[in-house]
Amino acid sequence: MKPSIPQGTRDFSPADVRRRQYILQTIRGVFELYGYQPLETPSMENLSTLMGKYGEEGDRLIFKILNNGLNDPKNAAKAKTAFERVLEGKNDPGLTERALRYDLTIPFARYVVMHQNELAFPFRRYQMQPVWRADRPQKGRYREFWQCDADVVGSTSLVNEAELLGIYREAFHRLQVPGIEVRINSRKVLAGLAECCGAAEALTDITVAIDKIDKIGLDGVQKELVQRGLDEENISYITRFLSIQSEYGATDHESRLEAMAGLLSQSETAQTGIAELRQTLAYHKQLQNDAWTSRIVVDFTLARGLNYYTGLIAEVTTSAVKMGSIGGGGRYDDLTGLFGLKGLSGVGISFGVDRIYDVLEELGLFPAQLASGTRIIFVNIEPQAEPVLFGYLNQLRAAGIPAELYADRVKFDKQMKYADKRNIPYVGIVGASELEEGRINLKDMQSGEQRKLEINELIAVLSQA
RNA sequence: GAGGUAGUAGCUCAGUAGGUUAGAGCGUCGGAUUGUGGUUCCGAAGGUCGAGGGUUCGAGACCCUUUUACCUCCCCA
């Protein structure tokens with residue numbers, strides 16, 4: 001049988017894992033720095049927890065888990081009727097009642113509701129775990145991928161928004177990704193647009209269409225709006241809305257906000273949204289670090305799919321690589337309401353680790369020293385030396401230096417080749433003569449230089465390198 | 001979920017209008033070199049041509065099905 005793995009999944013070889021851990025650790029460090037606490041939830045949730053939370057499209061992409069025991073004769077009738085319902089496109093607990101998690105936000109909301117009495121609100125947590133989607137794989141799109149989320153619930157303050165934007169910028173600064181743009185918008189402005197253009201009920205159609213303007217241009221958006229049933233009057237208003245976006249420089253926030261406030265003066269919702277954007281930017285300005293090269297862009301065409309967002313929405317892209325967004329988030333006023341806990345507002349962001357990986361790879365931004373963990377390997381050429389080498393290993397490891405011994409006594413050059421292939425920077429050679437001298441012949445694999453050292457000197461050399 | 005392109009050695013690929021035992025480079029392994037890797041030289045192994053079925057005297061090539069990757073749409077990280 002030819003081995004294979006499921007569509008859209010990947011193996012991660014040692015070098016891949018090190019690189020992924022580098023990303024994960026960098027992001028984790030920033031989360032911790034901003035006072036977020038770690039949380040983990042199960043890989044699978046009850047199907048009812050997930051269904052209906054991501055829109056129709058989302059429901060279709062949830063990986064469902066088949067119930068056990070379907071072949072038990074006493075379940076047969078139930079399973080058969082359940083299967084009939086599934087064929088009709090419905091779910092039935094007789095066949096499946098669990099599913100793999102689709103994102104980290106809904107499980108988080110579920111967690112908050114279940115543990116509301118133990119938590120100190122505002123509750124800030126971060127979560128870094130894989131999620132699964134039955135999407136068709138493409139470049140940068142997998143069926144199993146990791147998300148890194150930071151959310152805070154129980155606070156409506158825009159300080160949270162401002163800090164989350166800071167987390168994005170700090171993390172990408174540390175990862176040294178160039179061309180980072182954190183685009184922000186407010187769902188309230190979009191709702192105001194729908195109101196003002198006379199098609200309040202078509203909010204989703206409008207947002208889905210204008211979100212594509214980067215891809216299909218103004219003409220394309222207009223066509224799509226027609227297709228989605230908007231009339232000429234609606235569309236001409238939306239066109240004016242879109243022109244505000246292109247009229248000002250990318251970072252001329254204030255002019256853009258002012259123009260938008262003028263256009264949407266009839267909508268109280270939109271005015272609130274604009275005021276919130278202003279306040280978020282003002283807070284963020286005080287929190288930001290001058291070293292950050294990324295920029296914040298107010299982008300009124302930004303929509304984002306997940307329909308639970310109600311306030312600020314954000315998305316991260318880099319101009320350095322052709323790739324979809326590498327992060328996104330927003331505020332949701334009533335996420336926990338879905339699980340019976342009303343009045344808790346939350347806001348959060350997510351990092352797309354797998355896409356960030358692809359970006360770093362493409363730009364060659366991974367630090368070189370991620371290659372190997374082992375600092376020194378002892379070649380095994382002299383049987384008498386083994387007890388001494390064990391002692392050296394113990395001392396090196398006690399000093400925190402990753403060290404290993406080539407376990408099999410095979411040909412010298414084979415052992416050297418192994419060290420070379422593993423990218424281990426130093427080789428320790430102890431043969432008969434070194435044994436007699438009580439020293440180690442230390443070879444620097446990069447320069448090829450060798451020198452004889454005592455173990456204490458060797459530890460000193462490797463500690464500082 | 002809809003459409004398109006592709007799948008030949010571990011990797012990157014070649015393979016003439018269907019015609020003997022399917023090739024190259026890189027890598028792997030062995031040797032030159034039983035105390036010195038990354039360079040060099042010599043040699044070897046490695047493929048039921050993604051899988052299944054069909055057309056044909058004959059299929060890596062043509063047809064169908066299936067699977068996987070990539071691209072577009074949908075949607076999204």
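Every chain is numbered from 1 and lettered A, B, ... according to where its sequence line falls, protein lines coming before strand lines. All values below come from the heavy atoms of this structure, side chains included, with hydrogens, waters and symmetry mates left out. Please read these numbers as outputs of a predicted model, since none were measured by experiment.
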Test log, rule salt bridge (Lys or Arg N to Asp or Glu O under 4.0 Å), inputs Asp135(A) and Arg143(A) = CA-CA 6 Å; Asp135(A) 211 348; Arg143(A) 289 186 145 184; over 6 Å; no

key: Whether Tyr418(A) stacks on the six-membered ring of rG37(B) base, 5.5 Å and 30° limits   = no

inquiry  = What's Ile429(A) touching, base or sugar-phosphate or nothing? Going by heavy atoms closer than 4.0 Å.
reply    = base

ask   = If every non-hydrogen atom of Thr41(A) is compared with every non-hydrogen atom of Arg101(A), which pair is closest and at what distance?
value = O-NH2, 2.8 Å

ask   = Is RNA chain B part of any stem, that is, at least 3 consecutive Watson-Crick or G-U pairs with both distances under 3.5 Å, and where?
value = B:1-7 with B:67-73, B:10-13 with B:23-26, B:28-32 with B:40-44, B:50-54 with B:62-66

key: Interatomic distance at P, rC71(B) relative to rC13(B), whole Å   = 15 Å

query = Is it true that Glu315(A) and Arg183(A) have a side-chain N and a carboxylate O under 4.0 angstrom from each other?
reply = yes

query = Does a side-chain N-to-carboxylate-O contact under 4.0 Å join Arg20(A) and Asp354(A)?
reply = yes

request  = Could you tell me whether Asp413(A) contacts a base, only the sugar-phosphate backbone, or nothing, with contacts defined as non-hydrogen atoms closer than 4.0 Å?
outcome  = sugar-phosphate

query = Roughly, in whole Å, what's the span from CG in Asp211(A) to C1' in rC75(B)?
reply = 11 Å

message = Distance check needed: rU36(B) C1' versus Glu382(A) CD, whole Å only.
response = 16 Å

remark   = Rounded to whole Å, CG of Asn380(A) lies from P of rU34(B) at a distance of 18 Å

message = If you apply the rule ring pair (Phe, Tyr, Trp, His ring centres under 6.0 Å), what do you find for Tyr426(A) with Phe378(A), and how did you get there?
response = CA-CA 9 Å; Tyr426(A) 292 98; Phe378(A) 287 98; over 10 Å; no

Phosphate OP1/OP2 of rC75(B) contacted by Lys212(A) side-chain N/O (<4.0 Å) = yes

inquiry  = Would you measure the distance from the P atom in rU55(B) across to the matching atom in rC63(B) and give it in whole Å?
reply    = 15 Å

Along RNA chain B (nearest heavy atom to each residue), the more 5'-positioned of Ile381(A) and Ser325(A) = Ile381(A)

request  = Calculate, to the nearest 0.5 Å, the distance between atoms NE2 and CG belonging to His173(A) and Asn289(A) respectively.
outcome  = 6.0 Å

ask   = With a non-hydrogen cut-off below 4.0 angstrom, is Arg228(A) in contact with a base, only sugar-phosphate, or nothing?
value = sugar-phosphate

ask   = Which heavy atom in Gln245(A) sits nearest to a heavy atom in Phe300(A), and how many Å separate them?
value = OE1-N, 2.8 Å

message = I'd like the C1' distance from rG27(B) over to rA9(B), given in whole Å.
response = 11 Å

query = Does the Asn67(A) side chain pair with the main chain of Glu97(A), one donor and one acceptor, at a distance under 3.5 Å?
reply = yes

query = Using atom P of each nucleotide, how far apart are rC49(B) and rC11(B) to the nearest Å?
reply = 16 Å

query = Do we count Phe412(A) as stacking onto rU36(B) if the rule is ring centres under 5.5 Å and planes under 30°?
reply = yes

message = Would you say Lys414(A) places a side-chain N or O within less than 4.0 Å of OP1 or OP2 belonging to rU34(B)?
response = no

query = Contact class for Gln450(A) (heavy atom, under 4.0 Å): base, sugar-phosphate, or nothing?
reply = base

query = Within less than 4.0 Å of OP1 or OP2 of rG27(B), is there a side-chain N or O belonging to Lys421(A)?
reply = no

ask   = So what does Gln446(A) hit on the nucleic acid, given a heavy-atom distance under 4.0 Å: a base, only sugar-phosphate, or nothing?
value = base

note = Side-chain contact check for Lys411(A): nearest option of rG35(B), rG37(B), rA32(B) is rA32(B)

query = Rounding to a whole Å, what distance do you find between Glu361(A):CD and rA77(B):C1'?
reply = 17 Å

message = Would you measure the distance from the C1' atom in rG60(B) across to the matching atom in rG18(B) and give it in whole Å?
response = 10 Å

Side-chain donor/acceptor of Glu434(A) to base of rG35(B), under 3.5 Å = yes

inquiry  = Taking rG50(B) as the reference, what is the distance to rA69(B) when you measure between their C1' atoms (whole Å, please)?
reply    = 11 Å

task = Please identify each residue that fulfils salt bridge (Lys or Arg N to Asp or Glu O under 4.0 Å) with Asp16(A), with sequence neighbours left out.
result = none

ask   = In whole angstrom, what separates Arg409(A)'s CZ from rU36(B)'s P?
value = 17 Å

key: Protein proximity profile, nucleotides 40-46 of chain B - base contact B, sugar-phosphate-only contact S, no contact -, cut-off 4.0 Å on heavy atoms   = -------

Inter-nucleotide P distance (rU12(B), rC57(B)), Å rounded = 38 Å

ask   = What do the steps show when you test Ser294(A) against Arg169(A) for side chain to side chain donor-acceptor pair (under 3.5 Å), and what is the final call?
value = CA-CA 6 Å; Ser294(A) 57; Arg169(A) 298 183 71 193; 2.9 Å; yes

query = rU5(B) and rG10(B): how far apart are their C1' atoms, nearest whole angstrom?
reply = 25 Å

task = Begin with the C-alpha distance, continue with both residues' side-chain angles, and end with the deciding distance and a verdict on ring pair (Phe, Tyr, Trp, His ring centres under 6.0 Å) for Phe31(A) and Tyr126(A).
result = CA-CA 7 Å; Phe31(A) 285 161; Tyr126(A) 70 88; 5.3 Å; yes

request  = Could you note down all residue pairs passing ring-ring contact (aromatic ring centres under 6.0 Å, His included) where residues 427-454 of chain A supplies at least one of them, sequence neighbours left out?
outcome  = none

query = With Glu457(A), which residues qualify under side chain to side chain contact (heavy atoms under 4.5 Å, CB included), at least two apart?
reply = Leu453(A), Glu454(A)

Nucleotide N/O of nucleotides 67-72 of chain B paired with protein N/O under 3.5 Å:
| residue | atom | partner | partner atom | Å |
| --- | --- | --- | --- | --- |
| rA69(B) | OP1 | Gly8(A) | N | 2.7 |
| rA69(B) | OP2 | Gln7(A) | NE2 | 3.1 |
| rC71(B) | OP2 | Lys139(A) | N | 2.3 |

ask   = In Å and rounded to the nearest 0.5 Å, what is the CG to CD1 distance from Leu165(A) to Ile296(A)?
value = 4.5 Å

task = Looking at every strand, decide which applies to Gly448(A) at a 4.0 Å heavy-atom threshold: base, sugar-phosphate, or nothing.
result = base

request  = Mind calculating the distance between CZ (Arg10(A)) and P (rA77(B)) to the nearest angstrom?
outcome  = 16 Å

ask   = Rounding to a whole Å, what distance do you find between Met416(A):CE and rU39(B):P?
value = 13 Å

request  = Quick one: sort the Tyr54(A) and Tyr102(A) rings into parallel, tilted or perpendicular, breaks at 30° and 60°.
outcome  = tilted

message = Would the base of rG37(B) count as contacting Asp420(A) through its side chain, where contact means a donor and an acceptor less than 3.5 Å apart?
response = yes

inquiry  = Taking the nucleotide of RNA chain B with the nearest heavy atom to each, does Lys443(A) or Phe351(A) sit closer to the 5' end?
reply    = Lys443(A)

message = For a quick check of understanding: with a heavy-atom distance under 4.0 Å over all strands, which category does Ser350(A) fall into, base, sugar-phosphate or nothing?
response = nothing

task = Grab the CG-C1' distance between Asp214(A) and rC76(B) for me, whole Å please.
result = 15 Å

inquiry  = For a quick check of understanding: with a heavy-atom distance under 4.0 Å over all strands, which category does Val427(A) fall into, base, sugar-phosphate or nothing?
reply    = nothing

